[in-house]
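The first residue of the sequence shown is numbered 1, and numbering continues consecutively from there. These numbers were taken from a predicted model, which means no experiment stands behind them.
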Amino acid sequence: MSDRERMQETRRRREEAKAEAAARFGEWLEAEMTARSMSNVDLQDLIGINNSTIGFWRRGLRMPDDWATLRMLADAMETPAPQLAVLVGFFRPEELGGVQAPVRTRDQVLTWIRGHPEETLDALYDWIQQEPQKAMGKVMAPITESPAARRKLGISSQR
């Protein structure tokens, strides 16, 4: 493979990675804005970015490309900026001490449900009835790890 072909292949992989990051970011932003019943104009008013740009973000066609914009968005969405930096690919998790990209609540719930052997809602209900403390711990753990959820539930950030 020639140098030119290697450079083209590297550029292609970089563009694919950027497109994948934009899609992940778009899914996250869409879910967050929907959960808050927030429109593009509402977010525009909070962070000063044109609502058409926000529309591109939500559709996963683009993503913020500078730290200042990412920081404003993180504040508006009550999400730690380092998590968003990992989500859009500014940093790798190991570069920020293991910080992971934000996880949508729906994904947390699906992960939790998949981790249980109960195959039906009735079986899950029976398990919750038999072991309410364990069930509550499993349900609350992902919720209490979210700063925004802690604020909404009135849980102190100090551990």
Query raised in the report: If Ile, Leu, Val, Met, Phe, Trp and Tyr residues are connected whenever their side-chain heavy atoms lie under 4.5 Å apart, and connections chain through other members, are Leu46 and Met33 in the same group?
Result: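 Cluster IDs for Leu46 and Met33 match.
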Report task. Check the hydrophobic clustering (I, L, V, M, F, W, Y; side-chain heavy atoms under 4.5 Å; chains of links allowed) and say if Phe91 and Val99 are grouped together. Result ->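 Yes, same cluster.
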Query raised in the report: Can you check side-chain contact (heavy atoms from CB on, under 4.5 Å) on Thr10 and Glu15, steps first, answer last?
Result: CA-CA 9 Å; Thr10 300; Glu15 290 301 318; over 6 Å; no
Atom [atom1] in [X], atom [atom2] in [Y]: separation rounded to 0.5 Å?
| X | Y | atom1 | atom2 | answer |
| --- | --- | --- | --- | --- |
| Leu73 | Ile47 | CG | CD1 | 5.0 Å |
| Glu32 | Leu43 | CD | CG | 11.0 Å |
| Met72 | Met77 | CE | CE | 12.0 Å |
| Glu5 | Gln8 | CD | CD | 7.0 Å |
| Trp28 | Leu84 | CH2 | CG | 4.5 Å |

Query raised in the report: Is it true that Glu9 and Arg12 have a side-chain N and a carboxylate O under 4.0 angstrom from each other?
Result: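 Salt bridge between Glu9 and Arg12, a charged N being under 4.0 Å from a carboxylate O: yes.
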**Report entry** Cationic N near anionic O, under 4.0 Å, Arg92 to Glu95
**Finding:**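 Glu95 and Arg92: salt-bridged.
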Query raised in the report: Checking side-chain contact (heavy atoms from CB on, under 4.5 Å) against Arg24, which of Val88, Leu29, Leu87 comes through?
Result: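 Answer after filtering Val88, Leu29, Leu87: Leu87.
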Query raised in the report: How are the rings of Trp67 and Phe90 set to each other: parallel, tilted or perpendicular (split at 30° and 60°)?
Result: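 Ring orientation, 0 to 90° scale: tilted.
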Which atom of [X] lies closest to which atom of [Y], heavy atoms considered:
| X | Y | result |
| --- | --- | --- |
| Thr69 | Pro64 | CG2-CB, 4.0 Å |
| Arg71 | Ala81 | NH1-CB, 3.2 Å |
| Met63 | Phe25 | CB-CD2, 3.7 Å |
| Pro102 | Gln83 | CD-O, 3.2 Å |
| Pro93 | Gln100 | CB-NE2, 3.6 Å |

Report task. Measure from the side-chain N and O atoms of Gln44 to the backbone N and O of Asn51, and report whether any donor-acceptor pair falls under 3.5 Å. Result ->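 Yes: the side chain of Gln44 pairs with the backbone of Asn51.
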**Report entry** Thr53 side chain to Ile49 backbone, donor-acceptor under 3.5 Å
**Finding:**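 No, Thr53 side chain to Ile49 backbone: no donor-acceptor pair under 3.5 Å.
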**Report entry** Charged tip of Arg59 within 45° of Phe56 ring normal and under 6.0 Å
**Finding:**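 Positive - Arg59 is close enough to the ring of Phe56 and near enough to its axis.
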Query raised in the report: When you look at CZ of Arg6, are more than 12 heavy atoms from neighbouring residues, nucleotides or ligands closer to it than 6.0 Å?
Result: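 Check passes, neighbour count above 12.
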Query raised in the report: Hey, mind stepping through Arg36 and Glu78 against side-chain contact (heavy atoms from CB on, under 4.5 Å) and telling me if it holds?
Result: CA-CA 11 Å; Arg36 290 173 169 78; Glu78 300 176 332; 3.8 Å; yes
